[in-house]
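Working notes, structure below.
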2 protein chains.
Amino acid sequence: MIDVYQKMIDVCHLAGLASGLSGEMGPLQPGGNVSGPTLADVAHAAGVSYATADRVVNKRGNVAQKSIDKVRDAVTRLGYVRNVAAANLSRQRVYRLAFLIPTGTNAFFNRVREHILQTADHFSSDSVTVDIVDVPAFSVDALHACIGQLTAYDFDGVAIVGLQSVTLEKPLADLRTRGVEVIGLVSDLPREFRSAYIGIDNTVAGRTAARMTGIGNRDRGGIIQTFAGSLNARDHAERLQGFRDVIAADFPQMSVLDPILTKDDPAVLRDAANSALQADQPVSAFYNVGAGNVGLIQAIRETPGSRPFCVVHELVAHSKQALIDNHIDLVIDQRPDVEVNRAFAQLRALIDRREPPPAPDLMPTIYVQDNLPANTFNSATDTQIT
Amino acid sequence: MIDVYQKMIDVCHLAGLASGLSGEMGPLQPGGNVSGPTLADVAHAAGVSYATADRVVNKRGNVAQKSIDKVRDAVTRLGYVRNVAAANLSRQRVYRLAFLIPTGTNAFFNRVREHILQTADHFSSDSVTVDIVDVPAFSVDALHACIGQLTAYDFDGVAIVGLQSVTLEKPLADLRTRGVEVIGLVSDLPREFRSAYIGIDNTVAGRTAARMTGIGNRDRGGIIQTFAGSLNARDHAERLQGFRDVIAADFPQMSVLDPILTKDDPAVLRDAANSALQADQPVSAFYNVGAGNVGLIQAIRETPGSRPFCVVHELVAHSKQALIDNHIDLVIDQRPDVEVNRAFAQLRALIDRREPPPAPDLMPTIYVQDNLPANTFNSATDTQIT
DNA sequence: CATTTTTTGATAGACGTCGATCATTTTCTC
DNA sequence: GAGAAAATGATCGACGTCTATCAAAAAATG
């Protein structure tokens, strides 16, 4: 009845009603020894001293090859895993993390910031220290300078809201040669110069928006007015591309107008939305790939009568409220809270040189007014979104 | 350029071990002392011995109130957080966890199982052992017996896919008096007899399904045929209720037919769906609150021409495929992988008597064919779902 | 073979906490 | 104010790892 797997995981099947329930079933000794072998055990099994075993596992050098082999063998034979807690305790390991986040009164990044603070607070009992570094938004030069400065502090890991630019490659390479783990967050860095990317695929986000827009307009067809901050912004361009692809392929009865470029400015967006709402040819859907939704929502609120089907990105205070008030239909969100959690886990795993915890892919989440998280987004400032 | 930004960079450092501290601004000292105060420091600051401080923080009793106050005060003043790594090392803490999961060839619970195994594997290096206990599905008696047996083994925490029954109260109470932490997973236990519930609100799930159905049928209105396994199943009833509420309130042009009861049997569902498809009055939408979607999908696949708008629950191999093949429109999923992760975190937090990590509410997730996770669900058996 | 170099063994102190024990001091009770 | 009870202080040995140091042994070198 009780299967015991090799590792430390014993999966035990207590008999259900079917087979006799009589009394206590077999083993699974309550006080059983569950803690694994120590390095001392390994040394003993390998027939070497603790010191030698230590030299091997910590790569201190000056060990004969045959000793290395003996120890390696014993490690695998006994299934030794080093006790991270003890190790960190001993060397007073402190995980020094830094997050490079764009500045500004951007509601989305305020959400990111908030969650970093919360998470940092929680992990403080695990000796994790966190620095949030403000970087002027969307400036390659500023980001470059910032990354360059990081080498002055001895961080163990850095999460960067990145930009795609060859300029960044050098400072990133410098960082990594100093043993700092680097990951991209929300927006990727040059591929070869980071260990991981934590963020969504923006093409997928655009496709998802398109699917929902299509579903919401199956019968009426019609015209979709799109908005974007700038087509130079990679994420905006990708979302738009994904959106167009799906509409063209699966909802041919609808047509997608070229995006109105708003620079993510709510005022611009408001004016643009207003003129679209008053156009001769009625627009049946709005899709804003970028930020500035406050303006879009205002325009909609000001216009009486029925409104176009409306999809925007990123759940923040005002987009959440607009969902509740029925001013927009859907919010496609990238769950920055989940991303931040993942970033912490990933950085710690990289620093400890172990596998990151199993976790599903990050996929854009669809919010309607009914599946909204209760957590309030109390960021005072909510002008932009990205 | 670089010099310009040298002073613009604003680094906010969050001291790792100062618990309540929000970020203190200012530059970092690269080699700065980051490790926080120890219990010895606290004792000294409080003007008591280490032993007394220890007695206070570990609640060993036999301490005068004024000593307790002095220590508590020093703790908050210094921002002492106990070093979990050291503590666990010292007491050779092993987290013995058990998951009680219904048996059967249920694709959804296979997903749960798989993720438990993966997560357990990962945490094995953190001294976490996991037992998966198979319980005959939906049987209060079996669950009762199983919980009763748990007291024989000294688990530290147990996650139970629960049932609502007063019968369970006694064994649960027994477990908890023995110091075992109990949480409900996916399906709740009697409220007073568990420390937390990890799962979605099924009313919300139903509401979400309704919202999407409404959006997908705004103009055509029409009839919605619902399916349920059994109305005695609490989750099924709740989903249906949420669904009806939203349709009635926000999409009055649609009407909801009483559910066809399928016992979650694919064959039954297939027949029911087929007759609905051939009914005189055309049905414009299907909503299955329960399992057995294989049958529903078969019926749809067999019927030529356009099909009703189709919403089901739980993303598993076949529902995923059906989304891709355009046989259904939406899957409302409760992200069992996220739930399992949360269960681990919650149990560990409860056992350590500390705050669980910050995490957003669990909300039903909406999948369309574009935002599907790449992870394959390789469960061979996929008969049922809920 | 003598000398240098490389490789080993033995061991010690630290990390911060836990769970003890035992002796001492303070407080309470009558 | 004596005796009992409660509270406190002092200290010890774990836990498993890391980082040393020093001496001893083995291997390589000329």
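Every chain is numbered from 1 and lettered A, B, ... according to where its sequence line falls, protein lines coming before strand lines.
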For nucleotides 9-14 of chain D, print each protein N/O atom paired with a nucleotide N/O atom at under 3.5 Å, atom names and distance only.
from, atom 1, to, atom 2, distance (Å)
D:dG9, OP2, B:S49, N, 2.8
D:dG9, OP2, B:S49, OG, 3.1
D:dG9, OP2, B:T52, OG1, 2.8
D:dG9, N7, B:R55, NH2, 2.7

Ion pair A:D337/A:R342, N-O distance below 4.0 Å: no
What does [X] touch in the nucleic acid at a heavy-atom separation under 4.0 angstrom: a base, only the sugar-phosphate, or nothing?
X     : result
B:N58 : sugar-phosphate
B:R82 : sugar-phosphate
B:L89 : base

Test item: side-chain donor near acceptor, A:S195 and A:R176, under 3.5 Å: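 A donor-acceptor contact under 3.5 Å links the two side chains.
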Pair A:E114, A:N110: side-chain N/O donor-acceptor within cut-off below 3.5 Å: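 A:E114 vs A:N110: no donor-acceptor pair found between side chains.
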Residue pair B:R178, B:D156: steps toward the salt bridge (charged side-chain N to carboxylate O under 4.0 Å, His left out) verdict: CA-CA 9 Å; B:R178 286 170 191 245; B:D156 301 297; over 6 Å; no
OP1 or OP2 of D:dT19 under 4.0 Å from side-chain N/O of A:R60: yes
Nearest whole angstrom, please: distance from the [atom2] of [N] to the [atom1] of [X].
X     : N      : atom1 : atom2 : result
A:D41 : D:dT17 : CG    : C1'   : 13 Å
A:D54 : C:dA10 : CG    : P     : 15 Å
A:N62 : C:dT6  : CG    : C1'   : 7 Å
A:D69 : C:dT7  : CG    : C1'   : 15 Å
B:I68 : D:dA7  : CD1   : P     : 9 Å
B:N88 : C:dG16 : CG    : C1'   : 12 Å
A:L78 : D:dG16 : CG    : P     : 14 Å
A:H44 : C:dA10 : NE2   : P     : 11 Å

Face-on cation placement of B:R96 at B:Y153 ring, 6.0 Å and 45° thresholds: no
Residues in ring-ring contact (aromatic ring centres under 6.0 Å, His included) contact with B:F344, at least two apart in sequence or another chain: B:F99, B:F123
Neighbour count >12 (heavy atoms, 6.0 Å) for atom CZ, B:R60: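 Check passes, neighbour count above 12.
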Which atom of B:H144 lies closest to which atom of B:P171, heavy atoms considered: CD2-CG, 3.6 Å
Shortest non-hydrogen contact between B:G61 and B:R55, atoms and distance: O-CD, 4.0 Å
Nearest-nucleotide 5' precedence on DNA chain C, A:A64 against B:L39: A:A64
Give me the distances for all protein-to-nucleotides 26-30 of chain C N/O pairs that come in under 3.5 Å?
none

